[in-house]
Amino acid sequence: MSDLEPLAEGLEKVFGRLGLPDPRVMSAIIDEWDTLAGTPWKGNSKPVVVRGRTLVVEATTPSQVAFLRYGKAKLLTTLAGRFGEGVITEIEVVPPRR
């Protein structure tokens with residue numbers, strides 16, 4: 001039965017072929033957000049979804065959107081250190097949903 005592979009590896013291959021992000025990455029981002037995000041993100045935003053290689057982050061207030069956009073480079077570096085280069089390559093900051 002050497003042709004069997006762990007479910008996680010199989011799902012990772014399927015997601016990769018479909019061009020979808022690994023759902024474990026989004027789960028880890030949510031769980032570790034306060035640690036990963038740091039200043040100015042912590043308390044001013046929350047991760048929403050990973051679309052391709054883009055992390056969509058919702059600001060807590062409309063005025064925070066522009067402010068948070070200035071901190072994208074540092075957050076991208078932190079995410080690359082945690083998940084590897086090329087996993088998250090862009091951050092989109094959106095205003096809070098009503």
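Bear in mind that the values here come from a model prediction, so they are computed numbers and not experimental data.
Between the CD atom in Glu85 and the CG atom in Leu79 there is a gap of 10.5 Å [rounded to 0.5 Å]. In this structure, CD1 in Ile29 is found 8.5 Å from CG in Leu75, a value given to the nearest 0.5 Å.
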Which is it for Lys46 and Thr60 under the side chain to side chain contact (heavy atoms under 4.5 Å, CB included) test, yes or no, and what are the steps along the way?
CA-CA 8 Å; Lys46 68 178 181 178; Thr60 55; over 6 Å; no

Would Trp41 and Val93 count as a side chain to side chain contact (heavy atoms under 4.5 Å, CB included) here? Give the steps.
CA-CA 10 Å; Trp41 302 89; Val93 183; 3.7 Å; yes

Does the pair Phe83 and Thr78 meet the rule for a side chain to side chain contact (heavy atoms under 4.5 Å, CB included), with working shown?
CA-CA 9 Å; Phe83 300 106; Thr78 301; over 6 Å; no

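Minimum interatomic distance between Lys74 and Thr39 (heavy atoms only, all atoms of both residues): NZ-O, 4.2 Å. When every heavy atom of Pro40 is checked against every heavy atom of Phe67, the shortest pair comes out as CB-CE2, 3.3 Å. Taking every heavy atom of both residues into account, Val65 and Ala59 meet most closely at CG2-CB, 3.8 Å.
Screening Glu92, Arg97, Gln64 for a side-chain contact (heavy atoms from CB on, under 4.5 Å) with Glu58, the sole residue that qualifies is Arg97.
In this structure, Val56 belongs to a hydrophobic cluster whose other members, linked by side-chain heavy atoms under 4.5 Å apart, are Val48, Val49, Val94.
Partners of Thr54 by side chain to side chain donor-acceptor pair (under 3.5 Å), not counting sequence neighbours: none found.
With hydrogens and angles ignored, the 3.5 Å screen pairs a side-chain donor or acceptor of Lys72 with a backbone N or O of Ile91. Here the side chain of Arg82 pairs no donor or acceptor atom with the backbone of Leu36 at under 3.5 angstrom.
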